[in-house]
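Step one of this worksheet: look at the structure below.
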Amino acid sequence: MGHAESVQMCAPEECHCECSGGPNVALHATALASSLMQASVEVVGDGYHRLDESQMHVFHFDPELDADARKALEDHFTALDIDGLNDAFEPALRKIMHRELDDLRQPKQLAWLSSRAPSFPLGPVVTVAKQIGSQHLSRWASETFTSIQRGHLGVVLLAGGTERDERTMRPLCMWDVGLPSRKSVLQLCLERVLRLLHLATRAAVQTNAKTVWPIPVYVLCNDWNKEEIVSFLVQNRYFGMDDQEVLVSSQPNSPVLNENGRILLQEKGVMAMTPCGNGGLFQTLADHGILADLKCRNVSMVSVHACDNLLVRVADPMLLGHTLQVGAACGVKLVERLHPTEPVGVFCARRGHLLDIAQPKLRSDEMVDVATVVEHRELPDEIRSRRQRGDGPLWLQFANAGSYCFRTALLEKIPAHAGRQWHASWKRQPYVALNDGRLVEPHLNVLNAVRLETHLTDAFELVSISAGYCVSRGEEYAKLSLKPGFESPKLAAGVLARAHQQWISNAGGRFVGDIQAGNDKTDRCEVSPFVSYAGEDLLGHFSAAELALPLYVPARTEIVTFMTQDPGSMETSGDRGLRVYKVEAFAPSLGAGQRRSSKDQVDGAILVRAGTGDSFCMPPTPESVAKDVESARALIDEMRERFASTAEIPPKAGN
């Protein structure tokens with residue numbers, strides 16, 4: 001084994017050369033050129049052991065790179081905050097290795113038992129939705145619709161996750177999870193925005209409001225899935241949204257580290273990188289002009305949602321109205337934790353100094369309750385499993401459901417305070433060994449690397465009041481993931497099926513033999529977002545029919561695409577066929593022959609137009625309806641010819 005010499009670096013106060021790295025990585029050009037194998041490396045094992053904190057080992061293979069690759073690596077490295085990276089590693093890793101948290105406590109619960117609102121203390125507060133009277137809910141909905149009408153609401157969708165469908169390799173937000181409509185989470189989110197805009201438009205008519213402004217949607221992805229998401233949106237014409245109201249942007253990345261905090265190489269001239277977590281939202285909004293766009297639009301409240309929940313209520317009027325009435329600068333939607341090992345963040349309080357960046361006059365040097373969300377991997381085992389009594393609810397019972405709202409004024413101030421906290425998580429990462437240049441592929445179940453990330457919920461600690469709004473899991477939480485268990489796509493689709501069947505039952509619908517919706521494809525039930533946002537407007541549509549499963553309820557002008565996982569194996573006979581129930585609701589015109597999913601879903605599809613009526617927002621013109629009907633007829637006739645021998649064909653359009 002041999003030692004190498006250290007790279008000479010400029011001291012920030014002494015550097016007068018033309019290096020471009022800034023004070024954190026100020027390197028002489030000659031030092032960079034001669035940096036190969038000069039990272040204080042002792043070649044042990046894979047070569048990453050006993051490296052110094054300069055992280056200069058990333059240039060170990062410099063002699064083997066061409067000029068372009070060498071320049072790209074240098075530019076990438078000099079853009080990193082190496083000092084900040086080194087300082088963040090040990091505290092972040094300590095959180096999941098030692099998990100010493102003894103100052104956590106339950107947030108204060110608000111009582112809404114009368115028509116009067118409760119008093120609102122400082123710190124984290126929680127309202128349980130089922131305890132709220134209808135008068136409060138109506139007021140919150142009305143206030144949110146007024147905000148929409150005035151153009152004060154914006155939506156951010158977080159689609160920066162790295163999970164992919166193993167079959168199609170699509171990003172999570174684009175998955176076909178087996179819903180009757182074959183819609184993805186991203187499509188459902190955009191359609192719910194349109195439905196909410198319709199509800200606000202209808203409210204405007206009732207209140208004689210003269211204008212209704214569109215709701216801008218900002219989709220935050222990562223460098224690895226941005227191109228796919230943009231293509232997906234363009235091919236599907238933004239699912240009815242105006243393309244001028246949808247902006248796609250990518251979040252920052254951070255290096256992947258080994259257990260000693262050293263940057264791993266993905267290739268000989270490429271550092272292993274990963275998205276830096278949803279806490280990168282705030283800097284992305286500032287750096288990519290989104291904050292400026294929000295201010296130009298006069299948006300005062302931003303609704304933020306993770307694209308991993310099939311039942312997510314985008315820009316939920318209840319969450320927004322509750323946050324505004326409590327006087328909080330930010331709010332979060334919560335559900336009750338079911339099990340100590342459930343991989344969700346916990347909304348709670350901890351003792352700390354109040355640092356209110358939204359209202360500096362409220363700052364205090366005294367120790368007070370400050371809102372925080374602690375990730376499950378950072379919770380000590382005893383606190384994670386502690387219960388309030390016997391086998392009752394968990395002591396820390398409120399789980400983060402992945403929906404948030406922030407006042408725009410707060411979003412402007414957070415970037416200056418970003419980076420106060422980092423969180424670590426283990427991940428599997430193939431890497432290049434420094435000692436021999438081989439690619440090391442860890443075993444599939446071995447987590448060999450550390451990912452540093454920031455969490456947007458850390459912003460709760462920067463304000464005096466953070467408002468949690470706890471809702472029913474069965475109505476609003478169908479988490480989607482490839483992880484086994486309750487987050488699997490099959491179970492998530494089943495949760496949505498049961499929730500939508502309950503909507504129909506509440507509206508008077510009856511099902512054959514009282515059959516219950518479930519996880520299997522033959523037991524699915526779905527109501528299009530164009531028909532209903534949260535179960536409204538269904539009363540009277542189902543009283544004359546006895547319904548069977550699987551069932552899909554689309555809107556009047558939706559062109560709906562159905563397919564099976566394996567084209568040509570459609571199960572459409574008898575009780576196993578998909579029922580399309582006609583509902584009087586309009587959807588935006590989609591254009592001739594447009595399919596809602598990408599080209600790999602064409603084979604094995606039957607396209608159906610369903611319903612008549614006039615109850616959806618911004619009704620299409622007679623010309624567009626006629627064009628859609630003509631297109632639908634042509635497509636259905638084409639499908640009839642292709643699948644006449646294998647499929648049960650619906651009646652001709654117009655019959």
Side-chain angles (χ1 to χ4, degrees), residues 137-157 188-219 233 237-248 285 289-305 313-325 331 405-412 528-534 536-537 555-558 584-591 613-625:
L137 300 178
S138 297
R139 180 169 63 253
W140 296 346
S142 177
E143 291 174 352
T144 300
F145 292 152
T146 299
S147 295
I148 294 173
Q149 294 160 11
R150 295 174 178 174
H152 293 171
L153 179 64
V155 169
V156 172
L157 301 178
L188 291 173
C189 286
L190 294 179
E191 291 183 355
R192 285 168 186 156
V193 170
L194 288 172
R195 174 64 182 178
L196 192 63
L197 186 61
H198 159 58
L199 295 176
T201 303
R202 193 165 65 188
V205 174
Q206 297 172 351
T207 59
N208 296 319
K210 295 182 179 180
T211 59
V212 177
W213 292 88
I215 302 175
V217 177
Y218 307 91
V219 182
L233 291 170
R237 303 184 189 180
Y238 294 86
F239 300 108
M241 292 281 295
D242 186 334
D243 60 358
Q244 298 301 309
E245 306 302 332
V246 181
L247 174 67
V248 182
L285 295 182
I290 297 175
L291 268 180
D293 189 55
L294 291 170
K295 293 176 67 176
C296 288
R297 293 173 179 266
N298 201 28
V299 171
S300 60
M301 184 68 83
V302 177
S303 186
V304 181
H305 306 272
R313 295 186 182 177
V314 181
D316 183 10
M318 300 302 105
L319 174 63
L320 296 167
H322 172 258
T323 302
L324 292 172
Q325 180 158 5
C405 59
F406 294 89
R407 295 180 189 264
T408 306
L410 175 62
L411 294 176
E412 294 181 64
S528 169
F530 289 133
V531 174
S532 184
Y533 176 86
E536 79 287 342
D537 290 352
R556 179 183 186 273
T557 60
E558 268 187 283
E584 297 184 358
F586 270 114
S589 178
L590 299 177
D614 58 358
S615 62
F616 188 72
C617 69
M618 299 181 295
T621 64
E623 291 78 14
S624 67
V625 171

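We number each residue from 1, following the sequence as shown. Values below: all heavy atoms of this structure, side chains included; hydrogens, waters and symmetry mates excluded.
Between the CG atom of Leu319 and the CH2 atom of Trp140 there is a distance of 9.5 Å, given to the nearest 0.5 Å. Here the straight-line distance linking atom CD of Glu191 with atom OG of Ser528 works out to 5.0 Å at 0.5 Å rounding. Distance check: His322 NE2 to Leu137 CG gives 10.5 Å after rounding to the nearest 0.5 Å. Here Leu324 contributes atom CG and Cys405 contributes atom SG; the two are 7.0 Å apart, rounded to the nearest 0.5 Å. The OG1 atom of Thr207 sits 11.0 Å away from atom CZ of Phe145, with the distance rounded to the nearest 0.5 Å. To the nearest 0.5 Å, the span separating CG on Leu320 from CZ on Arg407 amounts to 10.5 Å.
The closest side-chain heavy-atom distance from Leu196 to Val193 is not below 4.5 Å. Under the 4.5 Å side-chain criterion, counting only non-hydrogen atoms from C-beta, Met301 is not in contact with Ser147. Using a 4.5 Å heavy-atom cutoff, the side chains of Arg313 and Met318 are not in contact. By the 4.5 Å heavy-atom criterion applied to side chains, Ser303 and Asp316 are not counted as neighbours. At least one side-chain heavy atom of Ile290 sits under 4.5 Å from a side-chain heavy atom of Leu294.
Not a single ring pair (Phe, Tyr, Trp, His ring centres under 6.0 Å) links Trp213 to another residue, sequence neighbours left out. Residues satisfying the salt bridge (charged side-chain N to carboxylate O under 4.0 Å, His left out) criterion with Glu536, sequence neighbours excluded, are Arg195. By the ring pair (Phe, Tyr, Trp, His ring centres under 6.0 Å) test, Phe406 pairs with Phe282, sequence neighbours left out.
Side chain of Tyr533 to main chain of Val314: a donor-acceptor pair is present (N/O by atom type, distance under 3.5 Å, no hydrogens or angles). Formation of a donor-acceptor pair under 3.5 Å by the His305 side chain with backbone atoms of Ala315 is found in this model. Using a distance-only test at 3.5 Å, with no hydrogens or angles considered, no donor-acceptor pair links the side chain of Glu245 to the main chain of Ile215. Judged purely by atom type and a 3.5 angstrom limit, Thr146 uses its side chain to pair as donor or acceptor with the backbone of Ser142. Between the side chain of Thr408 and the backbone N or O of Val299 there is at least one donor-acceptor pair closer than 3.5 Å.
In plain terms, the two heavy atoms of Asn298 and His152 that are nearest each other are O-CD2, 3.2 Å. The minimum heavy-atom distance linking Thr323 with Gly331 is given by the pair OG1-CA, 3.6 Å. The two residues Phe239 and Phe530 make their nearest non-hydrogen contact at O-CZ, 4.3 Å.
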Review point. Given the rule in the side chain to side chain contact (heavy atoms under 4.5 Å, CB included) test, do Arg192 and Val155 qualify, once you have shown the distances and angles that lead to the verdict?
Key: CA-CA 11 Å; Arg192 285 168 186 156; Val155 169; over 6 Å; no
Point to revise | Derivation and outcome, side chain to side chain contact (heavy atoms under 4.5 Å, CB included), residues Leu197 and Ile148 | key: CA-CA 7 Å; Leu197 186 61; Ile148 294 173; 3.9 Å; yes
Practice item. Determine, step by step, whether Tyr218 and Val302 satisfy the side chain to side chain contact (heavy atoms under 4.5 Å, CB included) criterion, reporting the C-alpha distance in whole Å, the side-chain angles of both residues, the deciding distance to 0.1 Å, and the verdict. Key: CA-CA 10 Å; Tyr218 307 91; Val302 177; over 6 Å; no
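Around CZ of Arg150, the count of heavy atoms belonging to other residues, nucleotides or ligands within 6.0 Å does not exceed 12.
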